[in-house]
2 protein chains.
Amino acid sequence: MNNEHSTLSFMPYTYEFPRPSITVDCVVFGLDREHKLKILLIQRNLEPFKGEWALPGGFVRIDETLEAAALRELREETGIETVFLEQLYTFGKLDRDPRERVITVAYYALVNLWEYQIRAATDASDAAWFTVDALPSLAFDHDRIVQTALKRLQGKLRYEPIGFELLPEKFTLFQLQKLYETVLGQELDKRNFRKKILNMNLLIALDEFQQDVSHRAARLYQFDRLQYEQLKEKGFNFEI
Amino acid sequence: MNNEHSTLSFMPYTYEFPRPSITVDCVVFGLDREHKLKILLIQRNLEPFKGEWALPGGFVRIDETLEAAALRELREETGIETVFLEQLYTFGKLDRDPRERVITVAYYALVNLWEYQIRAATDASDAAWFTVDALPSLAFDHDRIVQTALKRLQGKLRYEPIGFELLPEKFTLFQLQKLYETVLGQELDKRNFRKKILNMNLLIALDEFQQDVSHRAARLYQFDRLQYEQLKEKGFNFEI
DNA sequence: TCAAAAGTGTTCCTGGTACACCCATGC
DNA sequence: GCATGGGTGTACCAGGAACACTTTTGA
C-alpha cells in the first residue's frame with residue numbers, strides 16, 4: 001500500500017500528482033427484539049487497528065460506483081444482501097488513516113433484524129451487533145461517522161417514512177411506536193401516536209394478528225409504499 | 001493527466017491499484033436585488049467541455065482537506081473569501097468525466113450578493129451569475145449537482161436559519177419574505193410571515209431604516225445568532 | 001395624486017397534547 | 001389472578017390560515 005517498500009512491478013499505476021485512496025464505510029442499523037438500536041461492527045484482522053472494532057467497508061474499485069462498493073463490502077463482510085442504503089457524508093481529514101491519505105464516503109443502512117439473523121462475516125474476522133449507547137472504541141474516525149449517522153437517522157425518521165425499513169414487513173403499532181421512542185430517545189403517548197399514524201392513511205390494517213404472545217394479540221399492519229408515493233406527489237409531508 | 005502519453009519522470013506517483021481522481025465542485029447561491037436566486041458558473045477554458053459553463057471546482061490536493069479545497073477553488077476562481085459552505089453529496093458515477101474516473105465531492109455555498117459584487121474569475125475564464133430557472137446547459141453531470149443543491153437548499157431553509165446568509169447583515173422583513181418566496185417557490189402571507197418570524201425572537205429590531213427608497217422606509221433587522229444558539233440548546237426548532 | 005411598499009389584528013379552524021380505563025391472553 | 005400489552009375518545013389550547021385597510025415617501 002505504501003510506495004516505499006514495493007517495486008514498480010507491483011505498482012503499475014502511475015500518476016502525475018499524488019492521489020488519496022477512496023474507501024466506503026457503512027453504518028448498519030438494526031432494531032433487536034428488545035427494541036434496542038444496534039450497529040453492526042467488524043473486528044479488524046489486519047493492521048492498522050488490528051483487533052479493534054470498525055465499520056464494515058473497504059476500498060472502492062476503479063470500475064464500480066460508490067454505492068456498488070458499499071453494497072459489495074456489506075455482502076462480503078456481513079452477508080447482507082438487500083437493504084435500505086443511503087449516502088451519509090464524505091470524511092476527508094488528512095490524518096484519519098495513519099498509513100496514508102484516505103477519503104471515505106460513508107453510507108448508512110437500515111436492516112430488518114426481526115425475521116432473520118444477519119450472517120457473521122464470511123472471512124475469519126468477526127462481525128457483531130452492538131447497542132448504540134454501549135459501543136466499543138472504534139478504529140479510525142469511525143466514532144465520528146457513527147455519531148453523524150445517528151443524527152441523520154434521527155432527523156430522517158421524523159420527516160420520512162424510513163422507520164419501516166427496520167421492522168418486518170408486517171408489524172404492530174406497538175413495535176412502530178417503540179422504534180420511534182428508541183431512536184428519537186423520547187416517550188410518545190400511545191393514543192396520540194396511533195391517531196396520528198393511522199390518520200396518514202399510510203398503513204394497511206391486515207386481518208392478521210400476532211401469534212404466540214402472552215397477552216392479547218395485536219393487529220398487524222403493513223406500510224403502503226405506493227400510497228405514500230402518490231400522496232407525496234400531491235404535496236403530502238410525512239411527519240411524526 | 002492520462003497515463004498513456006507521459007513518461008515516468010512526469011508521473012512519479014505509483015500505486016498498486018488504480019485510483020480515481022478526487023475533485024470538489026461548488027454550487028454558489030446568491031440572491032440579487034430583484035429577488036432572483038442565482039448560481040455562479042465558470043466558463044471552462046480547458047478541455048473537456050471547453051467553452052461550456054460549469055461549477056467552480058477542481059482537484060483536491062493531497063495535503064488539504066475537502067473543505068479547504070472547496071474554499072481554495074472558490075477563492076481562485078471567483079474571488080469569494082468567506083461564505084457559508086456545507087458539504088452536499090459525493091458523485092461517483094463511472095463515466096461522469098470523459099477522461100477518466102473522477103469522484104467529486106460537491107459543496108454548496110451561500111453568499112451575500114447585496115452589498116458587493118463578486119469579482120469575476122482571476123484567470124482568463126469568465127465567471128457569471130445565472131438565474132436558477134434559466135441555466136445554460138452544464139458540463140459533466142453538473143446539472144444533477146445543481147438540482148441536488150437546490151433541493152437541499154429548499155429543505156434546509158425551512159428548518160434552519162440559513163436564509164440570512166443570502167442577505168446583508170441588516171435587512172428588511174420584506175427582503176426576508178421575498179427570499180423565502182423565491183427559494184421555496186410559493187407566496188407567503190405578509191402578516192402571518194411577520195408574526196411568525198418576530199415571535200421567534202431571533203431578530204433584533206434596529207433603530208435604522210432603509211435609505212433612498214421611493215416609498216416608506218422599512219425598519220432594518222439583524223439576525224441574532226447568539227440567541228439562536230441558546231434557544232437551540234434548549235430544544236427550540238426553527239421552522240418557517 | 002400616484003405608485004410602491006410599510007405596517008398592523010381578529011376570527012376561524014385544525015391539529016397537537018394531556019389524560020384513564022377496560023379487554024384479551026398466557027402463565 | 002396477575003402481568004403484559006391491546007385498544008379506545010374527549011376536552012383543551014396553541015398555532016396556522018385567511019383576510020383589508022391606512023400610512024409614508026418619492027417621483
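Please read all numbers here as calculations on a predicted model, not as lab measurements. Each chain gets a letter, A, B and so on, in the order its sequence line appears, and its residues count up from 1.
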_Between C1' of dG6(D) and CD of Gln177(A), the distance in whole Å_ = 12 Å
*Upstream residue (5' side of DNA chain C) when Gln175(B) and Arg191(A) are each assigned their closest nucleotide*: Gln175(B)
*Would you kindly give the CG-to-C1' distance between Asp189(A) and dG7(D), to the nearest whole Å?*
13 Å
_Heavy-atom donor-acceptor pair, Glu73(B) side chain to Pro56(B) backbone, under 3.5 Å_ = no
*asked:* Nearest whole Å is fine: how far is dT4(D) P from Lys178(A) NZ?
replied: 12 Å
*Taking the nucleotide of DNA chain D with the closest heavy atom to each, which residue, Ser214(B) or Gln210(A), is nearer the 5' end?*
Gln210(A)
*Given Lys170(A), which of Gln175(A), Glu208(A), Gln210(A) fulfils the side chain to side chain donor-acceptor pair (under 3.5 Å) condition?*
Glu208(A)
*Rounded off to whole Å, could you give me the CD1-to-P distance for the Ile197(B) and dG15(D) pair?*
15 Å
*Starting from P on dT24(D), measure out to CZ on Arg219(B) and report it in whole angstrom.*
14 Å
*asked:* Does this structure show an ion pair linking Arg225(B) with Glu165(B), if we count only N-O contacts that are shorter than 4.0 Å?
replied: yes
_Taking any atom closer than 4.0 angstrom to a non-hydrogen atom of chain B, what span of DNA chain C does the protein reach, first nucleotide to last?_
dA4(C) to dT10(C)
*Please tell me if the side chains of Leu157(B) and Leu179(B) come closer than 4.5 Å, counting only heavy atoms from C-beta onward.*
yes
*Report yes if the distance between the aromatic ring centroids of Phe238(A) and Phe236(A) is under 6.0 Å, otherwise no.*
no
*asked:* Rounded to whole Å, how long is the line connecting atom CG of Leu220(A) with atom P of dG6(D)?
replied: 11 Å
*So does Glu181(A) have more than 12 non-hydrogen atoms from other groups sitting under 6.0 Å from CD?*
yes
_As a test of reading the structure: which of dA18(D), dG7(D), dT4(D) is closest to the side chain of Phe209(A), going by heavy atoms?_
dG7(D)
_Is the ring pair Phe174(B)/His35(B) parallel, tilted or perpendicular, if the boundaries are 30 and 60 degrees?_
perpendicular
*dG15(D) phosphate, OP1 or OP2: any side-chain N/O from Lys196(B) under 4.0 angstrom?*
no
*For Lys190(A) and dG5(D), what is the distance between atoms NZ and P respectively, to the nearest whole Å?*
10 Å
*Could you give the CG-to-C1' distance, from Leu188(B) to dG16(D), as a whole number of Å?*
13 Å
*Sub-3.5 Å donor-acceptor pair from the side chain of Arg152(A) to the main-chain atoms of Gln87(A), do we have one?*
yes
*Give one of base, sugar-phosphate or nothing for Asn199(B), where a contact means two heavy atoms less than 4.0 Å apart.*
nothing
*With the side chain of Asn192(B) defined as its heavy atoms from C-beta on, choose the nearest nucleotide among dG9(D), dC19(D), dG5(D).*
dC19(D)
*Taking the six-membered ring for Trp, is the centroid-to-centroid distance between Tyr159(A) and Tyr159(B) below 6.0 Å?*
yes
_N or O in side chain of Arg194(A) less than 4.0 angstrom from dG7(D) OP1/OP2_ = yes
_Given DNA chain C, 5'-ward residue of the pair His215(A) and Lys195(A), judged by closest heavy atom_ = Lys195(A)
*Per the end-axis method with five pairs at each terminus, what is the bend angle of the helix from dT1(C)-dA27(D) to dC27(C)-dG1(D), to 10°?*
10°
*Heavy-atom count around Glu239(B) CD within 6.0 Å, excluding the residue itself: above 12?*
yes
